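Have a look at this one.
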Amino acid sequence: MRASQFFIATLKEAPSDAEVVSHKLMMRAGMIKRLSAGVYTYMPMGLRVINKVAAIVREEMNRAGAIELSMPVVQPADLWQETGRFEKMGPEMLRIKDRHDRDFVLQPTSEEVVTDIARQDFKSYKQLPKNLYQIQTKFRDERRPRFGLMRGREFVMKDAYSFDRDPAAAQASYQTMAKAYRAAFDRFGLRYRAVAADSGAIGGDLSEEFQVIAATGEDAIIYCPTSDYAANIEKAEALAPQGTRPAASQPLAKVPTPGKSVCADVAQLLQVPLATTVKSLVLATDEVDEHGAIVKSQVWLLMLRGDHDMNEVKVGKLPGFEKGFRFATEAEVVEHFGTKPGYLGPLNLKQPVRIVADREVAIMADWICGANEADFHITGVNWGRDLPEPELVADLRNVVEGDSSPDGKGVLAIERGIEIGHIFYLGTKYSKAMNATFLDEGGKPQFFEMGCYGIGITRLPAAAIEQNHDDKGIIWPAAIAPFEVVIVPMGYAKSADVKAATDKLYAELQAAGVDVILDDRDERPGSMFADWELIGVPHRLVVGERGLKEGKIEYKARTDAEASLLDAGAVVAHVQGLLGR
RNA sequence: CGGGGCGUAGCGCAGCCCGGUAGCGCGCCUGCUUUGGGAGCAGGAUGUCGCAGGUUCGAAUCCUGCCGCCCCGACCA
């Protein structure tokens with residue numbers, strides 16, 4: 001490719017609406033162009049990257065035995081009504097009507113359509129297992145699209161769906177995908193981690209996320225440096241604390257804590273460790289009738305140590321919380337506690353609430369909590385003596401750095417990640433809803449055991465940039481760079497020697513199968529260098545009269561501080577070596 | 001959806017309070033000079049000032065409504 005015939009649209013300044021580094025750099029490098037909130041044109045330079053990501057994913061999916069197809073972006077509503085998701089998906093699913101006023105949706109995912117295919121075409125157990133995938137445009141009308149390709153409304157996803165005859169076979173299909181994902185992610189050239197994830201209603205451990213490590217990631221990843229344990233913070237279990245509750249040693253005392261409503265302030269004021277305080281979170285669960293109207297509400301008090309945070313996923317699994325929960329309203333808080341939030345505690349309640357204690361809190365003695373009176377806390381609180389034992393003791397909190405690893409092989413560390421892939425075992429959720437069956441050996445219909453597997457194709461380049469950039473621009477891993485090598489001639493139009501050497505090198509690299517771009521724009525050197533560093537091409541060759549006199553061509557990796565000189569005749573072999581060919 | 005902010009040239013911004021010829025930098029075009037780290041000089045092109053209505057002799061500027069976009073919180077590839 002010659003730069004003069006390509007589309008290079010770099011900017012010195014990033015548009016002001018770009019906030020994160022990947023968004024800014026993709027805009028500046030001319031890789032994407034915003035059309036509407038969360039909707040982007042993939043410009044030629046950006047599309048090359050996306051296509052390389054897709055090609056790697058496609059190869060690894062094919063290698064793993066998955067079969068590519070392409071399902072419609074516009075899908076009829078009736079299929080979505082079969083699974084109830086036409087209602088359940090809510091406003092995140094974009095709905096449209098055709099000229100006959102019939103409902104359609106823009107696919108946010110494709111379980112319904114693929115299950116419809118399976119029930120029509122996979123009639124016998126002999127046809128199983130099957131894994132169907134597509135690399136397709138998705139649309140999700142996010143509440144808040146942001147960060148460019150990181151959270152777009154329109155994006156490209158590889159979505160695969162496996163169909164098996166029984167759970168054991170489905171788990172084998174899942175493991176095949178787990179392996180294929182590792183193979184693909186290894187090829188991207190990014191630092192990533194496969195972490196255990198919350199698997200929702202299905203249960204079990206068959207859900208993993210593939211997280212690209214980046215300080216700006218939206219997810220917290222828990223891992224154990226001395227073992228292979230890794231999990232999303234939503235999922236990571238806080239082990240039951242060792243030891244038993246010490247005996248009470250302090251009397252109950254009400255202490256003034258004016259203006260100190262958060263645990264950290266109270267601990268500081270009273271000169272005690274934060275871990276001796278207990279925070280009270282007031283939640284509510286609602287019983288609703290068939291019209292969705294609230295019939296009855298239950299108020300709960302969740303108690304966590306002052307230095308711990310509530311884990312909403314764990315709380316959502318508590319008995320009584322499965323159907324959803326919310327923070328209590330201020331009116332509910334006042335009704336039950338007699339005061340507004342800030343100084344709440346389990347003592348001197350106005351109305352009974354149901355108390356759930358975190359496992360850490362349950363073994364504490366002589367702790368501090370709010371007095372249910374503004375500007376006062378109570379110290380020396382003890383279970384059993386001052387209040388009844390909690391109704392329920394459970395793991396309610398996020399793990400923190402230094403906690404023991406659930407596998408018992410060390411202590412946990414935390415880093416941040418960007419979720420690029422997610423695989424999980426679905427069971428018969430969709431096959432049952434859509435009555436999708438095949439005939440087993442006995443001629444009896446059985447529901448398909450399903451799994452689904454996603455990779456955010458257009459999110460991946462953004463994650464790659466978040467992880468790999470410097471003050472000059474993007475640093476692509478070679479596998480997904482828009483071009484592997486750029487040739488930058490000095491005075492291409494002026495010097496016959498430079499032009500001849502450059503054209504020869506360009507032809508040789510092309511013949512060697514290298515994805516090379518020749519910058520024949522004849523710009524000034526500084527702006528060419530700046531452009532390619534911004535765009536992030538991993539290898540740069542500079543051809544100039546200066547070097548040619550010595551028979552040399554200059555090489556610089558994007559990550560090198562200084563350029564080095566190569567013998568002109570050895571350049572192609574050198575580049576092939578760098579690219580591992 | 002709740003809270004905050006912004007819409008003026010392709011991009012970054014000033015002008016708005018206090019109404020009176022629409023500006024600056026980058027980019028773009030032409031010419032000359034330059035040519036190993038975002039060149040210099042000279043000349044030039046580009047605007048429904050987000051949209052609609054109102055006030056006024058006169059609106060980018062004041063008023064009303066609408067639209068779009070971004071940021072912060074609950075979700076997800």
Side-chain angles (χ1 to χ4, degrees), chain A residues 8-20 23-24 27-28 30 33-39 53 57 89-93 107-110 135-160 181 197-198 200 209-212 217-219 232 234 310 312-313 316 324-327 417-424 452-463 472-473 488-495 498 521-534 540 542-548 554 556 562-563:
Chain A
I8 295 168
T10 55
L11 293 172
K12 274 191 186 170
E13 286 172 294
S16 60
D17 54 10
E19 198 66 19
V20 298
H23 188 194
K24 282 184 187 158
M27 297 290 286
R28 284 191 53 208
K33 213 176 180 64
R34 193 188 66 80
L35 185 62
S36 173
V39 179
V53 172
V57 170
M89 292 288 289
E92 189 168 311
M93 185 159 74
Q107 64 152 339
T109 173
S110 273
I135 295 174
Q136 248 295 19
T137 297
K138 299 283 180 289
F139 195 96
R140 294 186 191 171
D141 200 355
E142 296 273 348
R143 303 173 194 68
R144 185 144 100 85
R146 54 180 155 172
F147 304 154
L149 295 194
M150 201 84 94
R151 182 171 299 283
R153 293 195 294 173
E154 184 178 298
F155 58 98
V156 176
M157 182 166 89
K158 185 284 299 176
D159 45 327
Y181 269 50
D198 181 54
E209 292 169 352
F210 289 77
Q211 297 268 0
V212 169
E218 293 186 278
D219 289 1
N232 192 300
E234 291 178 350
M310 183 179 82
E312 293 190 24
V313 171
F325 63 92
R326 58 182 172 82
F327 281 94
I418 299 165
E419 185 187 357
I420 293 298
H422 197 163
I423 60 178
F424 43 99
C452 72
Y453 317 93
I455 292 180
I457 300 291
T458 42
R459 181 183 278 182
L460 192 123
K472 295 196 176 83
V488 184
M490 299 290 102
Y492 188 70
K494 283 277 161 58
S495 162
V498 168
R521 293 177 299 170
D522 205 39
E523 292 282 326
R524 300 175 66 82
S527 65
M528 288 195 285
F529 293 152
D531 273 352
W532 295 111
E533 280 159 350
L534 172 61
R540 184 184 82 190
V542 176
V543 182
E545 281 189 326
R546 219 162 65 180
L548 287 179
E554 191 179 297
K556 182 178 172 300
E562 298 293 333

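Per chain, numbering begins at 1; letters A, B, ... match sequence-line order. It should be emphasised that the depicted structure is a prediction, and the values quoted were computed from it without experimental measurement.
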Length of the CD-P vector between A/Q107 and B/rA77, whole Å:
13 Å
Going by purine N1 to pyrimidine N3 plus the second Watson-Crick contact, or the G-U wobble pair, all under 3.5 Å, which nucleotide sits opposite B/rG7?
B/rC67
Closest contact, heavy atoms only, A/R153 versus A/S36
NH2-OG, 3.6 Å
P atoms of B/rG20 and B/rA60, separation to the nearest Å
9 Å
Report the residues that fulfil ring pair (Phe, Tyr, Trp, His ring centres under 6.0 Å) with A/Y181, sequence neighbours left out, ordered by chain and then residue number.
A/F210
Regarding A/R521, tell me which of base, sugar-phosphate or nothing describes its non-hydrogen contacts under 4.0 Å with the strands shown.
nothing
With A/R524, which residues qualify under salt bridge (charged side-chain N to carboxylate O under 4.0 Å, His left out), at least two apart?
none
Residue list, ring pair (Phe, Tyr, Trp, His ring centres under 6.0 Å) with A/F529, at least two apart or on another chain:
none
Which base sits across from B/rU56 as a Watson-Crick or G-U pair, both distances under 3.5 Å?
none
Set out, line by line, the N/O atom pairs under 3.5 Å between protein and nucleotides 24-26 of chain B.
{"unit_1": "B/rG25", "atom_1": "N2", "unit_2": "A/E13", "atom_2": "OE1", "d": "3.2"}

Tell me the partner of B/rA14, counting only Watson-Crick (N1-N3 plus N6-O4 or O6-N4) or G-U wobble (N1-O2 and O6-N3) with both under 3.5 Å; none if nothing fits.
none
Tested for salt bridge (Lys or Arg N to Asp or Glu O under 4.0 Å) against A/D531, the lone hit among A/K472, A/R540, A/R28, A/R521 is A/R521
P atoms of B/rC49 and B/rG43, separation to the nearest Å:
29 Å
Which heavy-atom pair separates A/H422 from A/A197 by the least distance, and what is that distance?
NE2-CB, 3.8 Å
Name the nucleic acid region contacted by A/V488, choosing base, sugar-phosphate or nothing; use a 4.0 angstrom heavy-atom cut-off, strictly under.
nothing
Rounded to whole Å, CZ of A/F529 lies from P of B/rU35 at a distance of 15 Å
Please report the shortest heavy-atom distance between A/M528 and A/E523, naming the atom on each side.
CE-O, 3.3 Å
Report which part of the nucleic acid A/M490 touches: base, sugar-phosphate, or nothing (heavy-atom distance under 4.0 Å, all strands).
base
For B/rG36, give the paired nucleotide (Watson-Crick: N1-N3 plus N6-O4 or O6-N4; G-U: N1-O2 and O6-N3; both under 3.5 Å), or none.
none
Say we look at B/rC1 and B/rC11: how far apart would their C1' atoms be, to the nearest angstrom?
32 Å
How long is the line joining NZ of A/K494 and C1' of B/rG36, in whole Å?
14 Å
Summarise protein proximity over nucleotides 67-76 of chain B in one line of letters, 5' to 3': B for base, S for sugar-phosphate only, - for none, counting protein heavy atoms closer than 4.0 Å.
--SSBBBBBB
Let me know, please, whether A/D531 or A/H422 comes out on the 5' side of the other along RNA chain B by nearest nucleotide.
A/D531
In whole angstrom, give the distance that lies between atom CE of A/M27 and atom C1' of B/rG12.
12 Å
Quick one: label A/G30 by what it contacts on the DNA or RNA (base, sugar-phosphate, nothing), any heavy atom closer than 4.0 Å.
nothing
Of all the heavy-atom pairs spanning A/L11 and A/M27, show the shortest one and how long it is.
CD1-O, 4.0 Å
Counter-base of B/rC76, judged by Watson-Crick or G-U geometry with both distances under 3.5 Å
none
Which whole number of Å gives the distance between the P atom of B/rG10 and that of B/rG19?
29 Å
pair_partner(B/rG19), Watson-Crick or wobble, both distances < 3.5 Å, evaluates to none
Do A/E523 side-chain and B/rG38 base share a donor-acceptor contact under 3.5 Å?
no
Can any side-chain N or O of A/Q211 pair as donor or acceptor with the backbone N or O of A/E419 at less than 3.5 Å?
yes
Without decimals, in angstroms, what is the distance between A/Y492 OH and B/rG36 P?
19 Å
When the distance from CZ of A/R524 to P of B/rU33 is rounded to whole Å, what number comes out?
14 Å
In whole angstrom, give me the gap between the C1' atoms of B/rG25 and B/rA14.
11 Å
Least distance between heavy atoms, A/I420 atom then A/A463 atom:
CD1-CB, 3.7 Å
Under a 3.5 Å limit for both distances, which nucleotide forms a Watson-Crick or G-U wobble pair with B/rC49, could you say?
none
C1' atoms of B/rG31 and B/rG36, separation to the nearest Å:
26 Å
Do any N or O atoms from the side chain of A/K158 and from the backbone of A/Y453 form a donor-acceptor pair under 3.5 angstrom?
yes
Short question: side chain of A/S495, backbone of A/V498 - any donor-acceptor pair under 3.5 Å?
yes
Say we look at B/rU64 and B/rC28: how far apart would their P atoms be, to the nearest angstrom?
43 Å
For A/D141, does its backbone N or O pair with a side-chain atom of A/E92 as donor and acceptor, under 3.5 Å?
no
Please give the distance between the P atoms of B/rC24 and B/rG47 as a whole number of Å.
15 Å
Does a distance-only test, which skips hydrogens and angles, find a donor-acceptor pair under 3.5 Å between the side chain of A/R28 and the base of B/rG38?
yes
Applying the Watson-Crick and G-U wobble criteria at under 3.5 Å, what pairs with B/rG43? Answer none if nothing qualifies.
B/rC29
Value in whole Å for how far the P atom of B/rA77 lies from CD1 of A/I457:
14 Å
Mark yes or no for whether A/E234, through its side chain, and A/E312, through its backbone, hold a donor-acceptor pair below 3.5 Å.
no
Mind listing the N/O atom pairs, protein and nucleotides 44-50 of chain B, below 3.5 Å?
none

Any base atoms under 4.0 Å from A/G544, or only sugar-phosphate, or nothing? Heavy atoms, all strands.
base
